[in-house]
Amino acid sequence: DASARQFAAPAWSGNSAPGGSVWLTVGSLSGSGLIQCDGAGVNTWSVVGSGGRIAVNLTGDGDFSSFTGTMQALPGASGMAGCGTVYTETKAQGAEGVHKGVLKFAGRGGHPLRYYTTEIFEPGEYEFERIDISNGASLGICSNATVRAGTIVGDGAATSSISLLGGKLILPDDEDLTNCRVSVLADGSEIEGPTSDGKNVVTIGDGGVLVVDSPLTLAGDLHVKSGGVVKHTKNASWNNGGSTLEPDSSRYLNTGNWVNSARYVRMALTVTGDMTVDADGAVDAIEAGVNPTQAPHYEANKGGSYGGIT
């Protein structure tokens, strides 16, 4: 029951008040007003509240076209917090107790760092007609959770993110991954694409990014089209002041030994079928090596180089 299950947005010690919960079951919805459960803004400790959750279920035969207003569950302004969720479901989408509505995440802008991620943490299978992720929002799929999307709508790989935290993402049929980033951040994560000619095919299209920061095995084919990228998170540019990690990884704000761990300075991707990289598609591990002081045969004040066969 996707509409009733809880998703989790991060909370900080000394946090401002998070957004509340609005669950509406109505025959129809019309008007141009505001349905809102935003988190509070910056408090004395300079932290903000995460967004709340909104669920609207229609019992009549109509859709949401008569409502031209806004539904939002934003994190508080000017700080770090998780986005809330807005879930809408028509009678047809909720037929026979199977909830297949539209799930929306929206932030207030900026990079979708790990601490902005709103996580699906309860085990189970979730299916949505559409998932909208925008303006710095990030959806996390934890272990033992499977999410199937009829379509995924993002507004760019820099501001729309799905983080696999040991869970499984089933990509839409007849659609490439575009204008969105999917980051593999934990062991056991899975990605499944539609079936073509009897084989599973994951296709990274224009503006789509697949970040492989933890080992990933794709059972089938991988096609990286023009404008698509398969990449690994950059490590710190130590010669330029450090801490220039890209916000693809959950470990950005909790680096510890991660930056220099051999396990995380390589893209470990296994494709059991065929892999195709079209012109203007890319596989990218630029500036994603180890801390220079821990590179093999390190010498001070010299750029390191290390090759190998594994």
Side-chain angles (χ1 to χ4, degrees), residues 83 85-86 88 100-107 109-114 116-118 120 126-141 146-165 167-185 189-197 199-213 216 218-234 246-249 267 269 271 273-286:
C83 302
T85 59
V86 176
T88 57
K100 299 181 180 180
V102 175
L103 183 65
K104 297 182 180 181
F105 299 83
H111 294 298
L113 300 178
R114 169 66 171 81
Y116 288 111
T117 298
T118 301
I120 297 179
Y126 301 77
E127 183 171 357
F128 303 101
E129 180 177 293
R130 190 175 81 244
I131 298 176
D132 289 359
I133 308 174
S134 63
N135 208 26
S138 178
L139 165 64
I141 305 174
T146 297
V147 173
R148 179 190 296 271
T151 189
I152 298 174
V153 179
D155 59 1
T159 54
S160 302
S161 177
I162 298 175
S163 297
L164 295 181
L165 308 172
K168 181 177 181 178
L169 174 65
I170 302 177
L171 295 171
D173 293 335
D174 304 319
E175 277 190 21
D176 302 342
L177 178 69
T178 60
N179 297 317
C180 184
R181 179 173 71 249
V182 174
S183 297
V184 180
L185 302 180
S189 299
E190 299 180 66
I191 303 175
E192 181 181 309
T195 300
S196 177
D197 297 327
K199 290 196 295 185
N200 182 280
V201 181
V202 172
T203 303
I204 312 300
D206 188 25
V209 177
L210 173 62
V211 180
V212 183
D213 278 355
L216 174 68
L218 293 178
D221 294 350
L222 174 62
H223 187 181
V224 185
K225 290 186 174 180
S226 175
V229 178
V230 177
K231 64 179 293 185
H232 187 283
T233 300
K234 292 181 180 180
E246 292 189 346
D248 293 321
S249 174
M267 180 193 298
L269 172 63
V271 180
D274 301 321
M275 180 172 177
T276 302
V277 182
D278 290 347
D280 296 322
V283 177
D284 174 358
I286 298 172

Discussion item. I'd like to know whether I131 forms a side-chain contact (heavy atoms from CB on, under 4.5 Å) with V147, so could you lay out the CA-CA distance, the side-chain angles of the two residues, the decisive distance to 0.1 Å, and finally the verdict.
Written reply: CA-CA 10 Å; I131 298 176; V147 173; 3.8 Å; yes
Practice prompt. Would you give the length of the straight line joining atom CD1 of I162 to atom CD1 of I191, rounded to the nearest 0.5 angstrom?
Written response: 9.0 Å
Fill in: Spatial distance of atom CG (L210) from atom NE2 (H232) [nearest 0.5 Å]
11.5 Å
Expected output: side-chain [X] to main-chain [Y] donor-acceptor under 3.5 Å:
| X | Y | value |
| --- | --- | --- |
| N179 | D155 | no |
| S160 | I133 | yes |
| T117 | G140 | no |
| R148 | E127 | no |
| D213 | T233 | yes |

Below 3.5 Å, can you tabulate the donor-acceptor pairs from side chains in residues 221-228 to any protein atom, sequence neighbours excluded?
| residue | atom | partner | partner atom | Å |
| --- | --- | --- | --- | --- |
| D221 | OD1 | K199 | NZ | 3.3 |
| D221 | OD1 | D274 | N | 2.8 |
| D221 | OD2 | K199 | NZ | 3.0 |
| H223 | NE2 | D278 | OD1 | 3.2 |
| H223 | NE2 | D278 | OD2 | 2.8 |
| K225 | NZ | D176 | OD2 | 3.0 |

Fill in: Pair T85-F105, side-chain contact (heavy atoms from CB on, under 4.5 Å): steps then yes or no
CA-CA 5 Å; T85 59; F105 299 83; 3.4 Å; yes
Discussion item. The criterion is side-chain hydrogen bond (donor to acceptor under 3.5 Å, both in side chains); which residues satisfy it with T151, sequence neighbours excluded?
Written reply: E175
Discussion item. List the residues meeting salt bridge (charged side-chain N to carboxylate O under 4.0 Å, His left out) with E190, not counting sequence neighbours, and say none if there are none.
Written reply: none
